[in-house]
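Scroll down for the structure; my scribbles are underneath it.
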2 protein chains.
Amino acid sequence: MKILIVDDHPVVRAGLKALLAGEAEVAGEAATGEEAVAMAAALHPDVVLMDLQLGPGIDGVEATRRVLALPRPPRVLILTTYETDTDIVSAVAAGASGYLLKDAPPEELFRAVRAAAAGQSAMSPPVVARLARRVREPGSELSARETEILQLLAEGLTNDQLARRLFISRATVKTHLVHIYAKLGVDSRTAAVTTAVERRLIRLD
Amino acid sequence: MKILIVDDHPVVRAGLKALLAGEAEVAGEAATGEEAVAMAAALHPDVVLMDLQLGPGIDGVEATRRVLALPRPPRVLILTTYETDTDIVSAVAAGASGYLLKDAPPEELFRAVRAAAAGQSAMSPPVVARLARRVREPGSELSARETEILQLLAEGLTNDQLARRLFISRATVKTHLVHIYAKLGVDSRTAAVTTAVERRLIRLD
DNA sequence: GCGGCCATCAACCATTGGGTTGATCCTCCG
DNA sequence: CGGAGGATCAACCCAATGGTTGATGGCCGC
């Protein structure tokens, strides 16, 4: 079985290579998303172990999409540090066969790689738990408009500036904020921004 | 030269072990701070490679302090993902001989380990740059108290909660906030938090 | 010892923000 | 067709926030 490792940290690449040495053949290593797509096309691995955070360039989700768009695509296993709702959902939506956390024990990694190669899907228990909670807890997703407002909130805008920026009234801004607070389980704009950043609903840059 | 690796991620431990194989003898691996102190006492390594985020139990800074309090203490090299001001300062204050980032190339890691073993200090270029900016930019420095308040701001606390948490009056909280806003060039708590996160003065976790 | 910086507190005031209720209009979906 | 959910707006109230001025005591360094 041939594996392609995609991670921007040399230390992690070396670790995965060392751990997988007895289990499978590590056909190559990529440090960026672009590199990952090129190497997947050239090497035809069975499984791609993909990090989501890849530094500059395309991220792991986009790289997953492109890898799976190749002819005779490999299976893609996400291996990342975070387990945010949006990360998980977007990775699965992109077609990933599994989602593992980096602090998982090596045995779990082996099992997941074997499962992926066999065409099955594999999730870390914490990831499964998070997805389950999403199913139990439906209307908790933010709308596009709400996410847009959150992003501007993070720039420190007042409700008034927000209203002018979006060509809506202050009342509407406040209504959106109330909904956002309810969905995020907070009761202030600052808390909304920090939890949104933690859950990767928005990004600071 | 004997090295002790301290990191809560099995993948990272394996990676460091693999990378260092040709350079030094990896005498042991620890997954928690407590384990790290015990193994440092038992194995007498020359250098301890210490992560700052260690999951439950004592963190890397406290573990560093305790390791350096041992008789015939080893050198401690911090190897972590983040480069926040407070992390760097507290690690150096705890007596760390160096501060590396996990995305550093392996050669830099080798150099730093050799330097640490020789009693010299070693810092990643981004870390050095951050410390240098601290020196160049004196007046805009946040005090320890102000950083503490910022961190709590990021949790979404109100001024009143802040006051109770820190056993000071609301008036004092407001004074601190005014100073923080001035130093960061903002005029709201939300903007203060986001720019502080962007400048890596605090971290969200 | 004096100036500078920090931490602490007070009182005032205008603006902003959060909570509530209720409403209209739209689109999507069963 | 009817309901669900999203986006829009209004009026009300109270609490929280930000801006200002001014004051005290501690500590450090020149």
>> What is the separation between atom CZ on R145(B) and atom C1' on dC5(C), rounded to the nearest whole Å?
In response: 16 Å
> Are any non-hydrogen side-chain atoms of D8(B) and T32(B) less than 4.5 angstrom apart?
Replying inline: no
> For D160(B), which residues count as a side chain to side chain donor-acceptor pair (under 3.5 Å) partner, sequence neighbours excluded?
Replying inline: R164(B), R170(B)
> Roughly how far, to the nearest 0.5 Å, is the CG atom of N159(A) from the CG atom of L152(A)?
Replying inline: 11.5 Å
> Does H179(B) have a side-chain nitrogen or oxygen under 4.0 Å from the phosphate oxygens OP1 or OP2 of dC6(C)?
Replying inline: no
> To the nearest Å, how far apart are L177(A) CG and dT16(C) C1'?
Replying inline: 12 Å
> Within this structure, what is the CG-to-P distance between L142(B) and dC6(C), rounded to whole angstrom?
Replying inline: 10 Å
>> Is S143(B) close enough to dA7(C) that one of its side-chain N or O atoms is under 4.0 Å from OP1 or OP2 there?
In response: yes
>> Nearest whole Å is fine: how far is dG6(D) C1' from H176(A) NE2?
In response: 8 Å
Just the atom pairs and distances: protein N or O near nucleotides 23-29 of chain C's N or O, under 3.5 Å.
none

> Picking from dG19(C), dG6(D), dG18(D), which would you name as closest to the side chain of R189(B)?
Replying inline: dG18(D)
>> Just the rounded figure in Å: distance from C1' of dG17(C) to CD1 of I180(A).
In response: 14 Å
> Can you list the residues that meet the side chain to side chain donor-acceptor pair (under 3.5 Å) rule with S143(B), with sequence neighbours excluded?
Replying inline: E146(B)
> Who are the salt bridge (Lys or Arg N to Asp or Glu O under 4.0 Å) partners of E155(B), not counting sequence neighbours?
Replying inline: R165(B)
> Which pairs with one or both residues in residues 185-195 of chain B pass salt bridge (charged side-chain N to carboxylate O under 4.0 Å, His left out), sequence neighbours excluded?
Replying inline: none
Check nucleotides 24-26 of chain D for protein N or O atoms closer than 3.5 Å to its own N or O atoms and list the pairs.
none

> Of the nucleotides dG19(C), dA7(D), dT8(C), which has the atom closest to the K174(A) side chain?
Replying inline: dG19(C)
> Quick one: salt bridge (charged side-chain N to carboxylate O under 4.0 Å, His left out) pairs with a partner in residues 29-49 of chain A, sequence neighbours left out?
Replying inline: R13(A)-E29(A), K17(A)-E29(A)
>> Quick check against the 3.5 Å criterion: does Q120(A) have a side-chain atom that pairs as donor or acceptor with the backbone of R114(A)?
In response: no
> For Q53(B), which residues count as a side chain to side chain donor-acceptor pair (under 3.5 Å) partner, sequence neighbours excluded?
Replying inline: T80(B)
> Atom CG in L162(B), atom CG in L157(B): separation rounded to 0.5 Å?
Replying inline: 5.5 Å
> Does T172(A) reach the main-chain N or O of I168(A) with its side chain, forming a donor-acceptor pair under 3.5 Å?
Replying inline: no
With a cut-off of 3.5 Å and sequence neighbours excluded, list every side-chain donor-acceptor pair involving residues 88-106 of chain B.
| from | atom 1 | to | atom 2 | distance (Å) |
| --- | --- | --- | --- | --- |
| S90(B) | OG | T86(B) | O | 2.7 |
| S90(B) | OG | D87(B) | O | 3.2 |
| Y99(B) | OH | Y82(B) | O | 3.1 |
| K102(B) | NZ | D7(B) | OD2 | 3.1 |
| K102(B) | NZ | D51(B) | OD2 | 3.3 |

>> Within the 4.5 Å heavy-atom criterion, are D59(B) and L54(B) side-chain neighbours or not?
In response: no
>> Can you pull out the residues from residues 157-172 of chain A that lie within a 4.0 Å heavy-atom distance of DNA chain C?
In response: T158(A), N159(A)
>> Please pick, from dC6(C), dG19(C), dT8(C), the nucleotide with the shortest atom-to-atom distance to any side-chain atom of Y181(A).
In response: dG19(C)
> Taking five pairs at each end of the helix from dG1(C)-dC30(D) to dG30(C)-dC1(D), what angle separates the two helix axes (nearest 10°)?
Replying inline: 50°
>> I need the CD-P distance between E148(A) and dG6(D), as an integer number of Å.
In response: 16 Å
> Whole Å only: how far is the NZ atom of K183(A) from the C1' atom of dG18(C)?
Replying inline: 18 Å
Side chains of residues 61-70 of chain A: which donor-acceptor partners sit under 3.5 Å, not counting sequence neighbours?
| from | atom 1 | to | atom 2 | distance (Å) |
| --- | --- | --- | --- | --- |
| E62(A) | OE1 | R65(A) | NE | 3.2 |
| E62(A) | OE1 | R65(A) | NH2 | 3.4 |
| E62(A) | OE2 | R66(A) | NE | 2.9 |
| T64(A) | OG1 | G60(A) | O | 2.7 |

